[in-house]
Amino acid sequence: MRAVPPLLISTVVAASGCSGNQSALDPNGAPAIHIEHLIIVIVIICTVIWLLVMGVLGLAILRRRDRPAEDPISEKRLTTVVSAAVATTVIIIAGLTIASFYTTRGIGVPEDAALTITVRGQQWWWQIFYASSGATPGFQTANEIHIPVGQDVHLKLESTDVIHSFWVPSLAGKQDLVPGRSNGLLLRAEKPGVYRGQCAEFCGLQHSHMAIMVVAEPAADYERWAAAQSGNAVIPAAPDAVAGQAIFMAKPCAACHTVRGTSASGTTGPDLTHIGSRQTIAAGLVETTRGSLAAWIADPQTLKPGNNMPMVPLTSAELQNISAYMESLK
Amino acid sequence: MTPKDNREIRDTAFDAAELERRLAATWTTPPGLLGALSTVDHKIIGRRYITTAFVFLALGGLLSLLMRLQLAQPEARFIGPDRYNQIFTTHGTNMMFLFAVPVMQAMAIYLVPLMVGTRNIAFPRLNAFSYWMYLAGGLLLWIAFVLDTGPDVGWFAYVPLAGPQYAAGKRADIWAQMITFTEVSALAVAVEIVVTVFKQRAPGMSLDRIPLFVWSMLVTSFLVILAMPAIMIASTSLILDRLVGTHFFNPAEGGDALLWQHLFWFFGHPEVYIIFLPAVGMVSTIVATFTRRPVFGYLGMVMALIATGVLAFGLWVHHMFVAGLPRLGESFFTASSMAIAVPAGLQIFCWLATMWAGKPIFKTPLLFVIGFIVIFVIGGLTGVMVASVPFDTQVHDTYFVVAHFHYVLVGGAVFPLLGAIYYWFPKLTGRMLNETTGRWVFGLIFTGFNLTFFPMHILGLRGMPRRIYTYQPEMPWSGLNMFISLSAIVLAAGFLLFFIDAIRSARAGATASANPWGATTLEWATPSPPPSYNFAKLPLVDSLEPIHDDAFLPAAIGLRVDRRELLITSVVEAAPEARESSSGDSIWPLWAALATTVALIWSIFSPWAVVWGSIPVAIALIGWFWPKDVPEDDS
Amino acid sequence: MSANRLRHTALVIPLLAWALSTQLGQITPYEDCQQDVPWTALASCFLLVVSIVGLAGSRATLTGLTRTERFLVNASFLIALAFVFALSLQGAATMLLDPCQR
Amino acid sequence: MSDRVVETLKPALVAGGVLLFICAGGLLGWLRQPRELRLDPPAAADLDQFRLMHNGISGTPPQSYFALGKPYEADAYNLSQGKRLYSWFGCPACHGDGRGGVGPSFLDGWWLYGPEMVSIVASIRDGRPHGMPAFRDKMTIEQIWQLAGYVQTIGSYTPKVAAPSRNDDKNSRPAENRGPAIIMFDEGPTGAHFDQGPSP
């Protein structure tokens, strides 16, 4: 590559200071940091090689030619130089290969991870299962993973429909979710923060809008979060939310979504028990606010054309009530 | 008739003018529509192939402009996801199967028989058939695209997304059958080229005197023959899964989704080299001509071609590094992918050495070669990066890879191809392309290309995945994307200028002499464009540079002039072995191609097409092979 | 083995060894992991040795060749070197990586 | 010489012309109605307004259904969506994979309310006696039409141009795109089947 990258890398790192960004050059997880070191080493070596080759090319073009073209001595010298160049290539290539092997060792899945989370890819959202641990029963959520900082987390990656790919570049490289197989990935956040990721394997109409948030937080916060998530949904108190709950149960919503603690127990859409506590809705499409919830419920097919949530006819009052109810599900 | 009887109709019996008149009467394609449809002249078919492939290039380019329009801004509403998926699938499929592979083979169809000094390609009717099949496959894809049933599953068509459950309608079936069309045509051309190179070389052209372009096409043809059956099995299993109800790729019934990826990439990686190796041959040819000396290290160049060709078959898993295979097995492919940098590097060093030692003349073809070296070295080095498993887990399926393979395929194949068009245009049409325009074309394409594709490396590292029809405004990608979209206009302007120049020069360019560049390979020893019989007298080859003072040593062979006859020579030393007749014009290849087309397209709708559709195919083949009562060859 | 055949060992043996090693790399790591025996490393080292022997064999008889034959033998020797290089990198992988890692 | 070249280039130019023609067609194709991902609310409301005979069997779809080009019967995408909805909304609990169970079979070509779209839509939307629940409050009308199109395909009364996608699980019954049932199930002299569940 050109001379630009090392310079660019530093500017890019400086520019993407906010940790919500997804960037391989802004690593905050152990595997991603290993890989970034490798990236920098390889990019620098390759940049030097490119510059050398361009230098020779430039000299070959520009140099003065006073000697005759077919000179047996220069022919022999050329052979020596080309052979030396090939030998150098062999050595550099071998070095880079070995460096790559060493990095591969550093990004493996550990046998004894503190926490195992199952991530199941769906068209076009992420279904997430936390197994029960200690006092906390297992629970299901969607599109947002919380992990404790500084601990190895083992993700089990599965798919129910087509191939997806789990990629949170600031934490680790990507790994595919293949139907009929179970893959694994090591996550280990070194710093608290919100790390955005996105499906990286083309998976159909809404491949573009299939983001995932990884929230890394101190162990105590994580425990608190897990305990809250494992409970049933809060019972709404505000009148609009109460009305919204009634509409939710009467309308088609409840046929696809589960709200634990109510009669809504559909399994085809994301679990909405604590949707109000998630940062985004519709797989990272928009931030969770009452307005965005209303916009999404009113016309999901315009915001995310082709996704599997139908447009349900609602009056504006119904819409307000339902979005109030959704927002109340903290 | 005994040889004694027909001595008076051998080429040794006439003076030059009479010989040319008689050969023209035997070899020239008759005028008119029937003549055009039934011709088997490799030059006419080669030109047709090249023109059609460039039309597909233009169409595919238009699609890429549409994609850039959509991606210029976040959450743009210009193209919806359904149409966008069709566009990028058609763009990829079109560029790989309808442009890159066919155009390289087309150059070979035109040039290889001239470069090895023979009168027509081997199996000329198969050649005509392959063109019609290619045209039909291209029309199938584009008509489907226009009718909003273009494939929307990516050019790689991963199952289960392309499988029966998730790809509704006929879109993926059209993709699979279109692959079959191009496989048939590419395999046919590959066989022709292998036989032409092995058995029809001019006497004296032993294996160490073959022009490097011919070597590269020979290796490429072997790659086609070994790689295409893999995709044939894959596309046929896919269509069986979809139409007949088999379960090759269905995990619920014991199939495997990764089986598709193995089959596809076992073809898909050699495919890259099927496109790249001919370009290597073109570069070697152009470098030799414009530096006024043979390419340094002929032995090394041949070694690099063959080593790259074989290594190409051991790289396929590097497209599957994140599919969940054992890291140890994947690392074997890291090893092979890294090792391929050695022959590639050797080639670059040899060209640099040639330019260093020679006296370069900076005409447009050489400019494209210099552009090729600048760009391809970047593509090769990013290739080393993606060959590393950990590096690849970050950049796989991102814009980094989009940048990488455009650097390899556009830089590594299209730049040499454009140089080759500028170089061989006089031989193709008898006229020269405009040199001044050529410099503008090079400048625009070189600048536009780098401005368009280099920033994609950065986008990929900053987390932008491939194949997304839009991205959200909060992602830090919109500035670079707008920049890329604007740069694409420069690139498109360069190609537009090239097309205008080519069309104008084909009609009104300066008339070319037989050897306008002072080159030393055999195609320049015959008029531009060559007569229908290529060479009045077959050449005798005594070195790597068989042309001395714009002429070759004519060989006294004694081929008959009253029917199409070729000289067959031995594989290694190219010693004359036999005279063999070459088939005359025939309309049957066209009928056979039409019958095959009907059967293949019909089979998208009903498996019975395989049964009933084979009847017209059989009839066409019987007509094609009907015995003509002519002896085939004389020793 | 006749001298004529020996000359072509460089073109055939390292290529086959590399192809075999590449295939085994997709198969044996599963066995390695289950049985805790380094099959992949053993196979890889064995094939590396075989390919070097094949390479050396081709250099044993270089006398009495025509120009074209010498060209072919030299080219296949150079080609074989690339495959020996690839094989040795594969061998390095078996030393450095855990067959169970996925 | 170059005239000859132009002559020989002609077929390629013709091919190029054809391709440019395709390109022009592409612009037309752009205007062609694309895969319908979002039905306009008025169109959806209109789909609710079909007329049904008094006995609940047969009727007429709204005019707009024909104006759209009968998308729920003729479009593979909608049929495939219907197939997904068939499992999502629990149809297999009663009707199995189409062979029936608690509810009647779709496969035998003998339907209590006939094979017309309107009847099927009405059955799903409003429910039927003997245990068929109403899905009015569980599904949108667009989904109901998609599902009805798919259910009609399982019965395979008439040949269709389009077929839904095949599920990637075990095939336990004939495919939806098989030959039409109307050929296979000749009524014959015996009349009604007795083994197909309760009558209305």
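In what follows, chains carry the letters A, B, and so on, assigned in the order in which the sequence lines appear, proteins first and then strands, with residues in each chain numbered from 1. Since this is a predicted model, take the numbers as computed values, not measurements.
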*Asks:* For the ring pair (Phe, Tyr, Trp, His ring centres under 6.0 Å) test, which of B:F88, B:Y166, B:Y84 pairs with A:F202?
*Replies:* B:F88
*Asks:* Between CG of A:L78 and OG1 of B:T354, what distance do you get to the nearest 0.5 Å?
*Replies:* 8.0 Å
*Asks:* Looking at A:V286, A:I107, A:V81, A:I61, which has the largest count of heavy-atom pairs under 4.5 Å with chain B?
*Replies:* A:I61
*Asks:* B:I348, B:I370, B:V384: which one forms the most heavy-atom pairs within less than 4.5 Å of chain A?
*Replies:* B:I370
*Asks:* Does some side-chain heavy atom of A:W167 sit less than 4.5 Å from a side-chain heavy atom of B:V322?
*Replies:* no
*Asks:* Could you tell me if the side chain of B:Q261 sits less than 4.5 Å from the side chain of A:I163, heavy atoms only?
*Replies:* yes
*Asks:* Please find the pair of heavy atoms, one from B:P251 and one from A:P179, that lie closest to each other, and give the distance.
*Replies:* CG-O, 3.7 Å
*Asks:* Hey, does A:H164 have a side-chain heavy atom less than 4.5 Å from the side chain of B:L161?
*Replies:* no
*Asks:* Identify the two heavy atoms, one from A:T302 and one from B:R77, that lie closest to each other, and give their separation to 0.1 Å.
*Replies:* O-NH1, 2.7 Å
*Asks:* Would you give the length of the straight line joining atom CG of A:L96 to atom OG1 of B:T334, rounded to the nearest 0.5 angstrom?
*Replies:* 11.5 Å
*Asks:* Quick check on side-chain hydrogen bond (donor to acceptor under 3.5 Å, both in side chains): which of A:R196, A:Q198, A:H209 does B:Q472 satisfy it with?
*Replies:* A:R196
*Asks:* Quick check against the 3.5 Å criterion: does A:W50 have a side-chain atom that pairs as donor or acceptor with the backbone of B:V374?
*Replies:* yes
*Asks:* How long is the gap from CG on B:L461 to CG on A:L25, to the nearest 0.5 Å?
*Replies:* 4.5 Å
*Asks:* Which region of B:Y469, side chain (C-beta onward) or backbone (N, CA, C, O), has a non-hydrogen atom less than 4.5 Å from a non-hydrogen atom of chain A, or is it both or neither?
*Replies:* both
*Asks:* Non-hydrogen atoms of chain A under 4.5 Å away: do they reach the side chain of B:F296, the backbone, both or neither?
*Replies:* side chain
*Asks:* Is there a side-chain contact between A:Q22 and B:R462 (heavy atoms, below 4.5 Å)?
*Replies:* no
*Asks:* Could you pull out the closest heavy-atom pair between B:P81 and A:Q206, with the gap in Å?
*Replies:* CG-NE2, 3.8 Å
*Asks:* Relative to chain B, which of A:I92, A:D176, A:T89, A:I93 shows the most heavy atom pairs under 4.5 Å?
*Replies:* A:D176
*Asks:* Would you call A:E201 and B:Y158 a side-chain contact if the rule is heavy atoms closer than 4.5 Å?
*Replies:* yes
*Asks:* Looking only at heavy atoms and a cut-off of under 4.5 Å, which of A:L57, A:V178, A:T103, A:V56 has the most pairs with chain B?
*Replies:* A:L57
*Asks:* For the atom pair OG (A:S208) and CD1 (B:I468), what is the distance rounded to the nearest 0.5 Å?
*Replies:* 5.5 Å
*Asks:* Between A:H34 and B:P390, is there a donor-acceptor pair closer than 3.5 Å when you use the side chain of the first and the backbone of the second?
*Replies:* no
*Asks:* Under 3.5 Å, sequence neighbours excluded: what are the donor-acceptor pairs made by side chains of residues 395-402 of chain B?
*Replies:*
from, atom 1, to, atom 2, distance (Å)
B:D397, OD1, B:R467, NH1, 2.9
B:T398, OG1, B:V395, O, 2.6
B:T398, OG1, B:F400, N, 3.1

*Asks:* Any heavy-atom pair between the side chains of A:E75 and B:R293 that's under 4.5 Å?
*Replies:* yes
*Asks:* Name the option with the most non-hydrogen atom pairs under 4.5 Å to chain B; the candidates are A:A32, A:G180, A:P169.
*Replies:* A:P169
*Asks:* Apply side chain to side chain contact (heavy atoms under 4.5 Å, CB included) to A:A85 and list each qualifying residue two or more places apart in sequence or on a separate chain.
*Replies:* B:F349
*Asks:* State, to 0.1 Å, how close A:V82 and B:C350 come at their nearest heavy-atom pair, and which atoms those are.
*Replies:* CG1-SG, 4.4 Å
*Asks:* For a side chain to side chain contact (heavy atoms under 4.5 Å, CB included) check, start with the C-alpha distance between A:F101 and B:S331, then their side-chain angles and the critical distance, and finish with the verdict.
*Replies:* CA-CA 7 Å; A:F101 291 161; B:S331 296; 3.4 Å; yes
*Asks:* Between chain A and each of B:D256, B:V389, B:D392, count heavy-atom pairs under 4.5 Å; write down the option with the most.
*Replies:* B:D256
*Asks:* Just so I understand: if I count every heavy-atom pair under 4.5 Å between each of B:E474, B:M464, B:M355 and chain A, which residue has the most?
*Replies:* B:M355
*Asks:* Does B:G324 offer a backbone N or O that forms a donor-acceptor pair with the side chain of A:R181 under 3.5 Å?
*Replies:* no
*Asks:* Keeping B:D82 on the side-chain end and A:L205 on the backbone end, is there a donor-acceptor pair under 3.5 Å?
*Replies:* no
*Asks:* Checking the side chain of B:Q394 only, and the main-chain atoms of A:K174 only, is there a donor and an acceptor separated by less than 3.5 Å?
*Replies:* no
*Asks:* At a heavy-atom separation under 4.5 Å, does B:E75 approach chain A through its side chain, its backbone, both, or neither?
*Replies:* side chain
*Asks:* Mind checking whether A:I98 and B:M338 have side chains closer than 4.5 Å, heavy atoms only?
*Replies:* no
*Asks:* Determine, step by step, whether A:Q175 and B:T393 satisfy the side chain to side chain contact (heavy atoms under 4.5 Å, CB included) criterion, reporting the C-alpha distance in whole Å, the side-chain angles of both residues, the deciding distance to 0.1 Å, and the verdict.
*Replies:* CA-CA 7 Å; A:Q175 188 68 268; B:T393 60; over 6 Å; no
*Asks:* With a 4.5 Å cut-off on side-chain heavy atoms, are B:S388 and A:L38 touching?
*Replies:* yes
